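On a predicted model such as this, the values are computed, not experimentally measured, just so you know. Just so it is clear, the values below take in all heavy atoms, side chains as well, and ignore hydrogens, waters and symmetry mates.
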Number of protein chains: 2
Amino acid sequence: MESEELRNVGLKVTTPRLKILGLLENAKAKHITAETIYRQLGESGEAIGLATVYRALAQFEAAGLITRHQFEGGQTVFELERGPHHDHIVCVRCGRVEEFYDKVIEDRQREIAENFGFTLKDHALTLYGECNDENCLGRTG
Amino acid sequence: MESEELRNVGLKVTTPRLKILGLLENAKAKHITAETIYRQLGESGEAIGLATVYRALAQFEAAGLITRHQFEGGQTVFELERGPHHDHIVCVRCGRVEEFYDKVIEDRQREIAENFGFTLKDHALTLYGECNDENCLGRTG
DNA sequence: TCGCAAGTGAGAATGGTTCTCATCTTACAT
DNA sequence: ATGTAAGATGAGAACCATTCTCACTTGCGA
């Protein structure tokens, strides 16, 4: 249950936080902007302030419940942290986002960081390309 | 000569563009923000508007003369496109940026994109860690 | 149930970036 | 050299995502 998740990370269980977490879990798009969350909550009758959405997202991120991504050109999107780590491949035409995990790359990253004398804390890898999906092609004609 | 570079990409040769390009070439920090460019030009007596800096940078990027990076948490930085492609490793404490190229990773990226049916156009890979540099450690105590 | 620390909402503030528009330059043909 | 049209520039306004402020409300341990 979502209340558990909040309690576990030391956050008070409040209606806005529950709604936001719930939306994140049921969202059709896995990667979603703060604006979209705000708008969708509004549409479903929950009057939650935009500031609250941003605040909650920041706290969820700090608590490791969600991850923040800044794909090039677009707004910041948030994604529920479920399952193992992964990176993204984004279609530059239609915005479709797919996820992948590649052990070879992960391992190399660690080695590279070591070679530079860095302790690896995090990384951001995003591939940009054109997906040859029919719906995608349709959009650009 | 810089004038050549501008002409080659179809941009008129103007004083602001030459100055900005020149600064990019001689900057001590290879990765530099628009603000910094603006400020440094101002300090060296060149009154070039901030809007012009942004415009020029956008054009240089479109022309492939420079590359834009958005490291997490920070502002957008620009870097002269010289030499082969590379990715970055950034120290989350002191902001130091190092560059690297790794064939293994580059190859895997292409394969991954193919597996998803994407035509790879670009990618962004940045590693974040703590460099164990004395100057770095000094900053955080 | 109370009290208070913590959370919330509205709107103002911020800050990086882009736009507007009147004025100036470049590049090219004369 | 010079006129001219297309393009470039600078100042400041506008934008827009995000954060802050502050008066009010709520969750939750005592």
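Between Gln75(B) and the phosphate of dT17(C), there is a side-chain N or O to OP1/OP2 separation shorter than 4.0 Å. At the phosphate of dA17(D), neither OP1 nor OP2 sits under 4.0 Å from any side-chain N or O atom of Thr76(A).
Within 6.0 Å of OH in Tyr38(B) there are 12 or fewer heavy atoms belonging to other residues, nucleotides or ligands. The environment of Arg110(A) atom CZ is sparse: at most 12 non-hydrogen atoms of other residues, nucleotides or ligands sit within 6.0 angstrom.
The two residues Ala27(A) and Ile32(A) come nearest to each other via the heavy atoms CB-CD1, 4.1 Å. Minimum heavy-atom separation, Tyr128(A) to His123(B): CD1-CA, 4.0 Å. Contact detail for Ala56(B) and Ile20(B): the closest heavy-atom pair is CB-CD1, 3.6 Å. Summarising the geometry of Phe100(A) relative to Ile89(A), their closest heavy-atom pair is CE2-N, 4.1 Å, with the distance given to 0.1 Å. Scanning all heavy atoms of the two residues, the minimum distance from Leu120(B) to Ala113(B) falls at CB-CB, 3.9 Å.
Atoms CD (Glu2(B)) and P (dT26(C)) sit 16 Å apart, rounded to a whole Å. Put simply, CZ on Phe71(A) is 18 Å from P on dA17(D), counting in whole angstrom units. Here dT17(C) presents its C1' atom at 11 Å from CD of Gln70(B), a figure rounded to the nearest Å. Rounded to whole Å, atom C1' of dT18(C) lies 15 Å from atom CD of Glu61(B). Residue Arg55(A) contributes atom CZ, which lies 9 Å from atom P of dG7(C) at whole-angstrom precision.
Arg108(B) and Glu111(B) are joined by a salt bridge, as a carboxylate oxygen and a charged side-chain nitrogen come within less than 4.0 angstrom of each other. Look at Arg82(B) and Glu25(B) and you find a salt bridge, because one of the NZ, NE, NH1 or NH2 atoms lies within 4.0 Å of a carboxylate O, short of that distance.
Of the residues in residues 35-54 of chain A, those with a non-hydrogen atom less than 4.0 angstrom from any atom of DNA chain C are Ala47(A), Ile48(A), Gly49(A), Ala51(A), Thr52(A). For the segment residues 3-24 of chain A, residues with any heavy atom less than 4.0 angstrom from an atom of DNA chain C are, sorted by number, Lys12(A), Thr14(A), Pro16(A), Arg17(A).
Ring planes of His88(A) and His86(A): perpendicular class, angle over 60° (limits at 30 and 60°). Aromatic ring pairs are classed by plane angle as parallel below 30°, tilted from 30° to 60° and perpendicular above 60°; the pair Phe116(B) and Phe118(B) is perpendicular.
When the nearest nucleotides of DNA chain C are assigned to Thr33(B) and Gln59(A) by heavy-atom distance, the more 5′-ward of the two goes with Gln59(A).
Where the helix from dT1(C)-dA30(D) to dT30(C)-dA1(D) starts and where it ends, the local axes point in directions that differ by 30°; five pairs per end, rounded to 10°.
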